[in-house]
Amino acid sequence: MNKKFFIIVLLFSLLYLNISAQEKIQLNFKVKEEALPFGLVEQVPIAKPKIGLALSGGGSRALSQLGVLKVLEEKNIPIEIIVGTSMGSIIGGLYSAGYRLNELDSIMNATNWEDFFSASQSERNELFVDQKVTEDKALLTLRLNGLKPILPTSLSSGQRAANFLNLMSISAPLCNDSTYDLFAYKFRAVSADLISGKEIIIDNGPLGAALRASSSVTLLLPPVKKDSMLLVDGGLVANVPVKETKKLGADIVIAVNSSSPLYDEEELNVPWRIADQLVSIPMKILNSQQLAEADFIITPNIGNKKNSDFTDLSFFVNEGYKSASFIADKIYSRFENEFKNKIKDEYVFKNLKILVDANELERRTYDLIKNKEVVSSKDILFAFYKVFQEGYWRNPQIFVLKSDTVSTLIIKAEKNSYVKQIDLAGAKVISGDLIISSLKNLIDKPYSPRKTFESILNVLRIYKRNGYSFAKVKIVFYDSTAKAINIKINEGIISDIDVIGNKKTKEEIITREFPLKVGDYFKYEVAAKGLANLRSTNLFDQIDLSVISQNDKNKLLISLLEKESSIIRLGMRIDNEYLTQISADIRDENFNGTGTEIGATLSGGVKNGTFAIEQKANRVFDSYFTYKVRAFYDYINISTYVNQVVKNPNRYSREKFGEYKQSSYGFSFGIGTQVERFGNLMFEARYHRDEVKPISNFTEADYKTDISSFRINLHIDSQNEYPYPSKGFLVNTFYETAQSFLGGNISYTKFLFDYKVYFGLRTDHVWSFRTMIGAADKTLPLSQQFSLGGQNSFFGMREFEYRGRQIFLSSLEIRYRFPFKIFFDTYFRIRYDLGSIWKEREQIRFKNLLHGIGTTLSFKTPIGPADFSVGKSFYFANNLTNNKLVLGPTFFYFTIGYYY
């Protein structure tokens, strides 16, 4: 009995000694609360180091940063801060605002980057017909402040780039103008104030305006006016913003350097490249200083690819991915080491175990470190962080029961209750079932602020994909009693529209161009059309959209910066028929703030000229009616030609015989309607005096007569560009009648149909077909007759070589763009013409149609197309069974400049 008692006492003594030999060590895992969007709050460890990303500029080269971001996502490197300059700000800003990388990749590939630097403020199809004609013929356009010209500050207006960035920003899942701290990543855009030279860090306001300000490249894009500052490309002060990223609190800074190399000597052949080089040299020095403070530098292997080369974007992305892949593991290791270094106390444990009935946190944490023979307390805390970051737990406590032979890991934490339902408020235009189905991953799982935030982003993506750009999640909160996540959505109905910045332009002129009205949902495609409409008025330097959301109401704010409305346009044309001709167009494009135009045009040379004063409106009030009032005087010297006797029966020739002057002066009034933005239908009344008088050897009777006429004119122009369209068509058709009872001296009727269509078989091949039919009665005077001949009418003839009352013309042209340049973009054209002109209808004989064929070498020069052509006309004599080919002379033509 005593022996058994002794054994029991001994066992209890050993057990007591073993327990008493254990040491209970608490590991210090301190947490803090950090705000997430939508009012969510999560707990994060204080020891977690902040990783910042400094994204450089570099134009197309900076698109390699998409590949870098993809690697960082795949390696679970927890970025918290992004600071971007120029193109780096565009990528970083949109990514921070909630765009996925695959979405950004699609956007970048679908974007016409040439639009960013286009000298034209609008695409051609965004303009009314009269605006297209005006833009097409202008060589130089200058705004006037009184009589003082305002020189342009850049080659591009920047409006298309601004509208693109504005809409992309508004359509981002996280659209928050009040602060960029509550994006998916804390974001800043770097810009420079052109006036003070100071670095400007943009942390709030419309994101689109911030991105544009950061990327307003010198000479290519104009500065952005903000308060008293002129903001330009941040590359001037911090092209790789490492120091700026550190100032925001980054413990580890990853710099992505996509900067362009300097130009070679042979590339410094135009002023803007020289200016760019002057800026790039000091930027290179600043880059070195910034990169010296980075913890990691990723330099995509892009070689000498230019920052303006947007032809193969996948190349840039792939190179960014490769470059980041080499260094990603080192970045994560540094993150882990920094995390551990922030923990002061360290303990070492051998033979670390968990209890048989260990909880989920203990098992998952232990699985990450169980293969280590010796485990430090810092290893345990970092492993626990990787589990804790899911957000399912709070208020953790970590202990190790340490003895000489074994250490036991004990983790206690409060697990959030399981989510059982989603309570949704405010969903109308998007099905509530669709929204809840996108949140089903939250159901029957512990509540996690982080997981909830990520799922809410998906809800917003659904709205944005469907065009509801103003949709916002106002607030999200978890009701632990009801075990429900409550989500309140504001779908973006416009409650008010406020226009600011329009000092001259009447507000109704602005709101009529913007199709969104109070009570509408803010739809992406409708807003895009409105911005294009406002841009095409040519009245504004800056147009920004933003939303002010307060008390479930959304005020749409249209912020404008007006242009000077006085303008002068200059043009020039040189050709072999009428030699040098110049044009000047002076007008006020915003007369009395009504968006109507009043002005005068003067054009011509020694043998022709036009002077006109006009007042017109592309739109009348809120309608699409249009009108034009015009007083004019024009004249032209026209040569006459006669057949020349030649000895060869298979040849014919015509020589100049005489010359006369044709002039006309009077006034017209037209009213009609715009047909979308590609045409108009006009009803025009005209009263004018026509005069024809001889200069030399003029055989017809000279005359002076008053003509009072009424014309119905349909003009449609859907050409995608000028002067080298690749698609679209051009229609100009009218019916005109002049009657003596209307006050004139002569009566006649006249009809013309002129149609030309373009279609591209390939990007470098364009075919075009033209047909023209005109007819008039016998009373049509010489000054109103049709004409045939010239470089762009009929090859092998001079301008006005034939005139008559009936005309038929059909042409087929093939245009080929050379794969190389002869100083400029170079095109080769070949055209075949078929047609004729007759004085009287009874003379029409289609078997006597004339033929013309010619070729043109065309150069796209800065002063307009330079066309050098050679052409020959011919016809077939006799009947079909005994045809004889009769060739005319070969003519050479040249034209430099735009047609007007």
Side-chain angles (χ1 to χ4, degrees), residues 136-137 139 571-581 605 607-608 636 638-639 641 651-656 719 721-726 730 754 756-758 760 764-772 786-803 807 809-837 849-875 885-900:
D136 287 347
K137 70 184 182 181
L139 173 61
M572 182 184 70
R573 171 183 164 95
I574 304 172
D575 63 55
N576 57 291
E577 287 279 348
Y578 289 97
L579 308 178
T580 301
Q581 303 147 76
K607 299 175 66 176
N608 63 343
I636 186 170
I638 299 175
S639 299
Y641 300 88
R651 295 285 188 271
Y652 79 92
S653 180
R654 288 169 61 81
E655 63 179 2
K656 180 178 177 180
Q719 298 171 107
E721 59 178 291
Y722 181 86
Y724 301 101
S726 59
L730 182 65
D754 191 358
K756 192 170 187 178
V757 62
Y758 298 87
D764 55 352
H765 282 78
V766 176
W767 291 58
S768 64
F769 173 76
R770 180 186 185 187
T771 185
M772 180 169 62
F786 305 112
S787 66
L788 191 68
Q791 187 178 20
N792 292 285
S793 172
F794 204 104
F795 276 129
M797 301 179 190
R798 305 171 183 88
E799 286 201 38
F800 291 98
E801 184 161 339
Y802 291 96
R803 301 199 74 180
I807 188 172
L809 172 66
S810 184
S811 300
L812 179 65
E813 181 180 271
I814 304 172
R815 187 179 75 227
Y816 172 70
R817 186 183 67 200
F818 288 133
F820 54 85
K821 295 183 179 181
I822 305 177
F823 300 109
F824 309 102
D825 287 343
T826 307
Y827 301 82
F828 175 77
R829 302 199 304 249
I830 183 169
R831 192 181 77 230
Y832 168 71
D833 301 317
L834 173 68
S836 191
I837 198 163
L849 290 175
L850 300 172
H851 304 256
I853 190 166
T855 62
T856 301
L857 192 63
S858 182
F859 302 91
K860 189 177 181 180
T861 77
I863 61 173
D867 294 344
F868 300 89
S869 305
V870 59
K872 180 183 282 291
S873 62
F874 60 92
Y875 66 89
L885 181 65
V886 182
L887 299 175
T890 300
F891 285 116
F892 293 91
Y893 310 87
F894 73 86
T895 303
I896 301 175
Y898 296 101
Y899 300 101
Y900 54 86

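- D867 is listed as a side-chain neighbour of R829, based on a closest heavy-atom distance under 4.5 Å.
- Y893 is not listed as a side-chain neighbour of D575, based on a closest heavy-atom distance of 4.5 Å or more.
- Considering all non-hydrogen atoms of both residues, S858 and Y724 come closest at OG-OH, 2.6 Å.
- In this structure, the separation between CE on M797 and OH on Y641 is 12.0 Å, given to the nearest 0.5 Å.
- A salt bridge is absent between R770 and D833: the closest approach of a Lys/Arg side-chain nitrogen to an acidic carboxylate oxygen does not fall below 4.0 angstrom.
- Nearest heavy-atom pair, L788 versus S793, reported as atom, atom and distance to 0.1 Å: CD1-OG, 3.8 Å.
- Between S873 and F794 the shortest heavy-atom distance is CB-CE2, 4.5 Å.
- Under the 4.5 Å side-chain criterion, counting only non-hydrogen atoms from C-beta, P862 is in contact with F824.
- Under the 4.5 Å side-chain criterion, counting only non-hydrogen atoms from C-beta, S810 is in contact with F769.
- Between the side chain of E721 and the backbone N or O of Q719, no donor-acceptor pair lies under 3.5 Å.
- Nearest heavy atom pair, residue F786 against residue I837, reads O-CD1, 3.4 Å.
- With values rounded to the nearest 0.5 angstrom, R815 atom CZ is found 11.0 Å from H765 atom NE2.
- Cation-pi contact between R798 and F891: absent, since separation from the ring centre below 6.0 Å together with deviation from the ring axis within 45° is not met.
- Ring-plane geometry between H851 and F874 is classed as parallel, the angle between the planes falling under 30 degrees on a 0 to 90 degree scale with a further cut at 60.
- Using a 3.5 Å distance cut-off with no hydrogens or angles, the side chains of N576 and Q791 do not pair a donor with an acceptor.
- A cation-pi contact, defined as under 6.0 Å to the ring centre and within 45° of the axis, links K607 to Y578.
- Classified by interplanar angle (parallel below 30°, tilted 30° to 60°, perpendicular above 60°), the ring pair Y816/F818 is perpendicular.
- I574 is listed as a side-chain neighbour of F894, based on a closest heavy-atom distance under 4.5 Å.
- Side chains of T890 and K872: a donor on one and an acceptor on the other come within 3.5 Å.
- Contact annotation: the side chain of F800 never approaches that of E577 to less than 4.5 Å [non-hydrogen atoms, C-beta and beyond].
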Practice prompt. Just do the side-chain contact (heavy atoms from CB on, under 4.5 Å) check on F828 and T855 with the steps written out, would you?
Written response: CA-CA 7 Å; F828 175 77; T855 62; 3.8 Å; yes
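- For the atom pair OG1 of T771 and CG of L809, the computed distance is 7.0 Å after rounding to the nearest 0.5 Å.
- In this structure, I807 and S787 approach most closely via the heavy-atom pair CD1-O, 3.6 Å.
- Residue E799 holds its CD atom at 7.0 Å from CD1 of I636, rounded to the nearest 0.5 Å.
- The aromatic rings of Y875 and Y652 lie tilted to each other, with the angle between the two planes from 30° to 60°.
- Y827 OH to D764 CG: the interatomic distance, rounded to the nearest 0.5 Å, is 10.5 Å.
- Between F859 and F868, the two ring planes are perpendicular [angle over 60°; tilted spans 30° to 60°].
- Here the straight-line distance linking atom CE of M572 with atom OG1 of T580 works out to 7.0 Å at 0.5 Å rounding.
- Nearest heavy atoms, S768 versus K756: OG-CE, 4.1 Å.
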